[in-house]
Amino acid sequence: MAIEQPAPLRTNSTRSRPERPALESANHAPVLAHVPPPFSVRCAQLFWILAIAVGAVCIVYAFVVRAEQVELLTEKVRAIDPDRPDATLTSAADIIYWTVFGVLVAVVLLQILVLVSFTGRRPRARWWMLATLLLLTIALAFGVGVELAAEGTDGAPLRPLLLAQLGLGALALLLSTWPAALRWTARGFDVRRGPSGGAVGGGDL
């Protein structure tokens, strides 16, 4: 008795093979992107740094001309109360001088903290910028830097230096309120979908 051979399998030669699944997906996970800040932000940072530098020059110069300033302040105090002993007048002049000096140092330190806060995109950084400028304006308007510690030949350069510090800070604050700078702060950080090494541009104003 002959053994029947199995029938050959039927194949459909017209059927195409299924596509191999892709090894990469277009739906990438969000990653942090290193986006350069807008032009207005970079200019604001530059002018704020210049304001800090001018403030530092004011501090150094005020310390260098301390002897003349204390002498002039002593004469001002003596004109108010001439019956006081010289030691008391000198002590009062020292207190006034170091108060002015402390205000100048405090303004520069606040400006440094504000720069770090603004660069880190803190939402209230601009309010601190405004507060720092108001403090410097009060110091100029009410005589802390003009009438008390900027008298005499050596103290005269303090006035334009303080005004320059105030002007540079005001310009930095103005640039930081441009729409692109406000959007840059509001984002907090930049993310993108795709490989972390992808190039990203952000040169808006």
Side-chain angles (χ1 to χ4, degrees), residues 26-63 99-150 156-205:
N27 187 19
H28 295 286
V31 294
L32 291 176
H34 298 285
V35 181
F39 178 75
S40 56
V41 172
R42 294 195 297 269
C43 288
Q45 292 171 335
L46 174 62
F47 284 116
W48 198 257
I49 291 173
L50 291 177
I52 294 173
V54 174
V57 172
C58 288
I59 292 173
V60 174
Y61 187 80
F63 185 78
T99 301
V100 174
F101 190 83
V103 170
L104 297 179
V105 173
V107 169
V108 171
L109 292 178
L110 284 175
Q111 286 183 318
I112 294 174
L113 293 176
V114 168
L115 177 63
V116 175
S117 179
F118 178 69
T119 304
R121 302 186 182 186
R122 298 295 187 270
R124 294 181 176 84
R126 290 170 182 83
W127 289 108
W128 284 107
M129 294 173 74
L130 179 60
T132 305
L133 295 178
L134 288 177
L135 177 61
L136 187 58
T137 303
I138 293 173
L140 285 169
F142 289 93
V144 175
V146 177
E147 297 298 334
L148 295 181
L158 282 175
R159 303 178 187 180
L161 286 174
L162 291 172
L163 288 174
Q165 182 183 5
L166 179 61
L168 290 170
L171 186 57
L173 177 60
L174 178 63
L175 289 170
S176 70
T177 58
W178 283 20
L182 294 175
R183 291 193 300 268
W184 176 79
T185 302
R187 286 197 303 268
F189 51 86
D190 299 297
V191 295
R192 64 184 298 272
R193 290 187 178 274
S196 59
V200 180
D204 57 334
L205 294 177

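These values consider heavy atoms only, across backbone and side chains, with no hydrogens, waters or symmetry-generated copies.
- Remark: T177 engages no residue in a side-chain hydrogen bond (donor to acceptor under 3.5 Å, both in side chains) (not counting sequence neighbours).
- If you run side chain to side chain contact (heavy atoms under 4.5 Å, CB included) between Q165 and each of I52, V107, V57, L50, only V107 comes through.
- A pairwise comparison of heavy atoms in V114 and W128 identifies CG2-CB, 3.6 Å as the closest pair.
- Just one of P37, S176, S40 meets the side chain to side chain contact (heavy atoms under 4.5 Å, CB included) condition when paired with W184; it is P37.
- Remark: L135 CG to L130 CG distance equals 11.5 Å, nearest 0.5 Å.
- Closest approach of L173 to R126, counting heavy atoms only: CD1-O, 3.8 Å.
- Side-chain contact between T132 and L113 is absent, with no heavy atoms from C-beta onward closer than 4.5 Å.
- The shortest non-hydrogen separation linking P123 to T185 is CA-CG2, 4.3 Å.
- Here the closest heavy-atom approach between residue A56 and residue V108 is recorded as N-CG2, 4.0 Å.
- For the atom pair CG of L104 and CG of L109, the computed distance is 11.0 Å after rounding to the nearest 0.5 Å.
- Side-chain contact between M129 and W48 is present, with at least one heavy-atom pair separated by less than 4.5 Å.
- Here the CD1-CD distance, from I49 to Q111, works out to 11.5 Å after rounding to the nearest 0.5 Å.
- L162 CG to Y61 OH: the interatomic distance, rounded to the nearest 0.5 Å, is 12.0 Å.
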Problem - Worked check of side chain to side chain contact (heavy atoms under 4.5 Å, CB included) between V41 and F118 - result: CA-CA 9 Å; V41 172; F118 178 69; 3.9 Å; yes

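- When every heavy atom of L161 is checked against every heavy atom of C58, the shortest pair comes out as CB-SG, 3.2 Å.
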